[in-house]
Amino acid sequence: MLDAPAAPEAAERTAVPGTELTAAAFASIAVAVPEQVRENAPIAERIGVEEDWIVERTGVRERRVARDDETLLDFATAAARTAVERAGLAPADIDLVLAATMSHDRITPNLGPLVAAELGTNTGALDVGAACTGFLSALAVGAPLVETGRARAVLVVGADLMTRLIDHDDRSTAALFGDGAGAAV
């Protein structure tokens, strides 16, 4: 049986000049949620369970719900703006905006470019559509850009207004979802 060649030790590895990796790290995080709160009682009554049934199975005691006049863009932009400010950056310092959502206000344009425009930055922006793992998927897209030096600051926004999409009579999902946005630089 042939032995595989030994991997070079870290000290022996040579990097092409200018290709050293930089660690990606969070500079800031922020959230934006609606003021309106929906507790478990009306949901429990609607789906025919006790409030404790919801808490035992989900841990959710209340959720935030957007008013009819509030948009996904409102919450995404508010969270993004706060995250950029907390990072000590100006919108022009952001190299890429990645937005993760499955509850768009409209079919087009996508949320990422709209958030970038609302922030007043002229950077690249796109949406990552991966449902529940959208925010993590957007981080997985953005982190390597920072690590390789292709970007210095990436803004990742996860935002959804799920209460507008769910079946409020479905026991398996009616009590789970709320509305809001989170952002990280």
Return the CG to CG distance between Leu155 and Leu119, rounded to the nearest 0.5 Å. 6.5 Å
Leu136 with Val146, same ILVMFWY side-chain cluster at under 4.5 Å: yes
Find out if a path of hydrophobic residues (ILVMFWY) with successive side-chain heavy-atom gaps under 4.5 Å connects Phe26 to Leu98. yes
Please, which pairs that meet side-chain hydrogen bond (donor to acceptor under 3.5 Å, both in side chains) have at least one residue in residues 65-88, sequence neighbours excluded? Arg67-Asp69, Arg67-Glu70, Thr71-Asp74
Taking everything shown except Arg57 itself, do over 12 heavy atoms lie less than 6.0 Å from its CZ? yes
Heavy-atom pair of closest approach, residues Ala66 and Leu161: CB-CD2, 4.0 Å
Tell me whether Asn110 contacts the main-chain N or O of Gly112 through its side chain, where contact means a donor paired with an acceptor under 3.5 Å. no
Are Phe135 and Leu96 linked, directly or through other ILVMFWY residues, by side chains that come within less than 4.5 angstrom of each other? yes
Are Arg152 and Asp93 close enough for a salt bridge, meaning some N to O gap below 4.0 Å? no
For Ile54, the rest of its hydrophobic cluster, which grows through side-chain links under 4.5 angstrom: Ile43, Ile47, Val49, Trp53
Any non-hydrogen side-chain atom of Gln36 less than 4.5 Å from a side-chain atom of Asp179? no
Any Leu73 side-chain heavy atom under 4.5 Å of Val115 side chain: yes
If I compare all heavy atoms of Ala32 with all of Ala79, which pair ends up nearest, and what's the gap? CB-N, 3.7 Å
Hey, are the side chains of Val185 and Ser28 touching, using non-hydrogen atoms and a 4.5 Å cut-off? yes
If you draw a 6.0 Å radius around CD in Glu50, do more than 12 non-hydrogen atoms from other residues or ligands fall strictly inside? no
For a quick test of reading the model, state the closest non-hydrogen atom pair linking Arg164 to Asp105 and the distance between them. NH1-OD1, 4.4 Å
Any side-chain heavy-atom pair of Arg106 and Leu114 under 4.5 Å: yes
In this structure, would Val84 and Phe75 fall into the same cluster of hydrophobic residues linked by side-chain contacts under 4.5 Å? yes
With the side chain counted from C-beta on, respond yes when Asp127 and Pro113 share a heavy-atom pair under 4.5 Å apart, and no when they do not. yes
Ile166 vs Asp170 side-chain heavy atoms within contact, under 4.5 Å: no
Is Arg63 reaching over with its side chain to a backbone N or O of Ala175, donor-acceptor style, under 3.5 angstrom? yes
Taking the side chain as every heavy atom from C-beta outward, state whether Met162 and Thr101 have any atom pair closer than 4.5 Å. no
What pairs with Asp167 under salt bridge (Lys or Arg N to Asp or Glu O under 4.0 Å), at least two apart in sequence or on another chain? none
Correct closest heavy-atom pair for Leu139 and Pro144 would be O-CD, 4.3 Å
Thr123 side chain vs Ile94 backbone, donor-acceptor pair below 3.5 Å: yes
Between Ala116 and Val97, which heavy-atom pair has the shortest distance, and what is it? CB-CG2, 4.0 Å
Whether Asp95 side chain and Ala153 backbone form a donor-acceptor pair below 3.5 Å: yes
Is there a side-chain contact between Ser103 and Leu72 in this structure, where contact means two heavy atoms from C-beta onward sitting under 4.5 Å apart? yes
Shortest non-hydrogen contact between His168 and Ala174, atoms and distance: O-CB, 3.6 Å
Donor-acceptor contact present, side-chain Asn40 to main-chain Val60, <3.5 Å: yes
Taking Met102's backbone N and O only, do any of them form a donor-acceptor pair with Asp160's side chain (distance below 3.5 Å, no angle check)? yes
